[in-house]
Amino acid sequence: MASPPPTTPPASSLHARQTIFAEGCRGSLTKILFERFNLRADCDPQTYGIGIKELWEIDPAKHQQGKIVHTVGWPMDSKTYGGSFLYHLEGNQVVVGFVIGLDYQNPHLSPFDEFQRFKTHPAIRPIFENGRRIAYGARAISEGGLQSIPKLSFPGGVLVGDTAGFLNVPKIKGSHTAMKSGMLAAEAVVALLAGEGREAVAYAGALRKSWLWDELYKVRNIRPGFHKGLWLGMVLGGIDTYLLGGKAPWTFKNHSDHDQMKKASECAKIAYPKPDGKVSFDKLSSVFISNTNHEENQPAHLKLKDESVPVAVNLPLYDAPEQRYCPAGVYEIVRDDAKDGEEGANPRLQINAQNCVHCKTCDIKDPTQNINWVVPEGGGGPNYPNM
Ligand code: SF4
């Protein structure tokens with residue numbers, strides 16, 4: 001008797017009248033929706049920051065539960081937007097992190113190394129001396145605010161939370177706005193499902209009447225006010241916030257991040273200090289404590305639209321900036337063995353996809369928009385139990 005033909009598993013698909021997309025910053029499905037439904041036609045480009053964060057257990061004698069410290073500027077130059085946060089939690093734990101605007105111009109800049117250097121400041125270093133670093137992580141955040149909010153509904157779905165860009169930048173906080181947008185989206189979708197129609201247009205109207213819209217309106221000029229540098233940004237932010245109460249008769253525009261990068265030859269190289277292994281560390285030991293795991297032997301989830309671009313364009317023009325903006329050491333230019341003290345020949349980009357902490361920075365900052373982050377197989381990624 002002939003054996004039955006091999007069966008292929010049935011392709012599974014999910015069908016819903018309405019889908020609420022809540023993918024967080026730079027959602028990969030949301031990116032497709034933006035194009036398919038032209039959702040960004042009437043808003044400014046989204047602008048982003050990369051936040052890098054560590055959790056520490058510190059000497060109890062230095063711990064002050066509830067203490068919060070924020071800084072701006074150092075160690076970056078005054079043209080680059082960013083600053084730190086430091087929170088003393090309970091149980092002698094401290095969260096420390098650094099956010100850098102991804103519209104930075106110098107391709108030699110490494111957000112990871114700026115953060116490591118920040119911890120060596122004489123006012124910061126003593127907090128961590130004799131402490132123990134417990135966890136590490138990184139994630140892009142949406143900084144565009146009100147001007148960059150896309151159309152929020154389309155036939156069959158709506159966008160909520162940071163995939164739409166509801167973060168309040170000066171507060172570095174978006175959980176409350178994400179929750180509010182989710183509640184309003186749910187109400188609009190339930191009302192739609194009870195009747196006719198395919199698009200929950202009432203959602204955007206409800207948002208505009210909510211405290212969320214008022215809150216984002218008041219801070220809309222803070223982030224773009226820093227386009228001309230730290231000092232002017234501080235002055236403009238002060239005028240907008242303290243003199244005008246967020247009701248300035250103007251609204252500054254946002255710009256996209258990937259096209260802000262200058263050529264490597266136009267920018268000064270940055271010499272970062274070597275990590276000391278006490279308060280500052282390298283990328284690989286950091287990735288290790290992010291508990292990142294991906295199923296082996298899967299196709300890389302970092303897709304290059306054009307395989308030639310990293311070496312033909314990014315390397316000569318920008319000195320391969322993916323090697324520095326990725327906070328997990330995923331991208332490496334490798335070469336044949338060097339001979340006679342010369343640089344090795346045959347440069348090529350190696351993608352160590354298993355190290356990826358899913359921050360989405362490469363998808364945002366690559367100067368030619370050649371990198372596409374897609375969801376890896378098997379649900380892998382970083383595992384942040386206490387971040
Ligand atoms: S590969 Fe991209 S998404 Fe992954 S850690 Fe690096 S920059 Fe972030």
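Atoms within a ligand are numbered from 1 in the order they appear, just like the ligands themselves. In this chain, residues are counted from 1 in sequence order. Predicted model, so just to flag it, every value in this text is computed and none were measured.
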- request: For salt bridge (charged side-chain N to carboxylate O under 4.0 Å, His left out), just list the numbers for Arg125 and Asp276, CA-CA rounded to whole Å, side-chain angles, deciding distance to a tenth of an Å, and then say yes or no.
  value: CA-CA 12 Å; Arg125 182 182 188 99; Asp276 62 13; 2.7 Å; yes
- request: Starting from atom 6 (Fe) of ligand 1, locate the nearest protein heavy atom and write down its residue, its atom name and how far away it is, to 0.1 Å.
  value: Cys326 SG, 2.4 Å
- prompt: Can you tell me if NZ on Lys218 sees more than 12 non-hydrogen neighbours from other groups inside 6.0 Å?
  reply: no
- line: Under 4.0 Å between heavy atoms, the region of Trp373 that gets near ligand 1 turns out to be side chain
field: Shortest protein heavy-atom distance from atom 2 (Fe) of ligand 1, along with the residue and atom involved
entry: Cys362 SG, 2.3 Å
message: Checking a contact table here: which protein heavy atom is nearest atom 5 (S) of ligand 1, and how many Å away?
response: Val357 N, 3.3 Å
message: Please identify which of these residues, Asn355, Asn314, Leu302, Asp366, meets the side-chain contact (heavy atoms from CB on, under 4.5 Å) condition with Tyr331.
response: Leu302
Location of contacts on Val330 toward ligand 1, heavy atoms closer than 4.0 Å: side chain
message: Ring centres under 6.0 Å, that's the criterion: do His70 and Tyr87 meet it?
response: yes
- prompt: Would you call Glu114 and Arg117 a salt bridge, taking side-chain N to carboxylate O under 4.0 Å as the test?
  reply: yes
query: Are any of the heavy atoms in Tyr331 under 4.0 Å away from ligand 1?
result: yes
query: For atom 3 (S) of ligand 1, what's the nearest protein heavy atom and its distance?
result: Lys360 N, 3.1 Å
message: Is the contact between Glu322 and ligand 1 made by the side chain, the backbone, both, or neither, using heavy atoms and a 4.0 Å cut-off?
response: neither
- prompt: Does the distance from a Lys or Arg side-chain N to an Asp or Glu carboxylate O, for Lys365 and Glu322, drop under 4.0 Å?
  reply: no
task: Quick one: look up the protein heavy atom nearest atom 4 (Fe) of ligand 1 and list residue, atom name and how far away it is.
output: Cys356 SG, 2.3 Å
Worked verdict on Lys303 versus Asp363 for salt bridge (charged side-chain N to carboxylate O under 4.0 Å, His left out): CA-CA 9 Å; Lys303 307 278 184 205; Asp363 194 288; over 6 Å; no
- request: Please find out if atom 2 (Fe) of ligand 1 and some N, O or S atom of Cys359 are separated by less than 2.8 Å.
  value: no
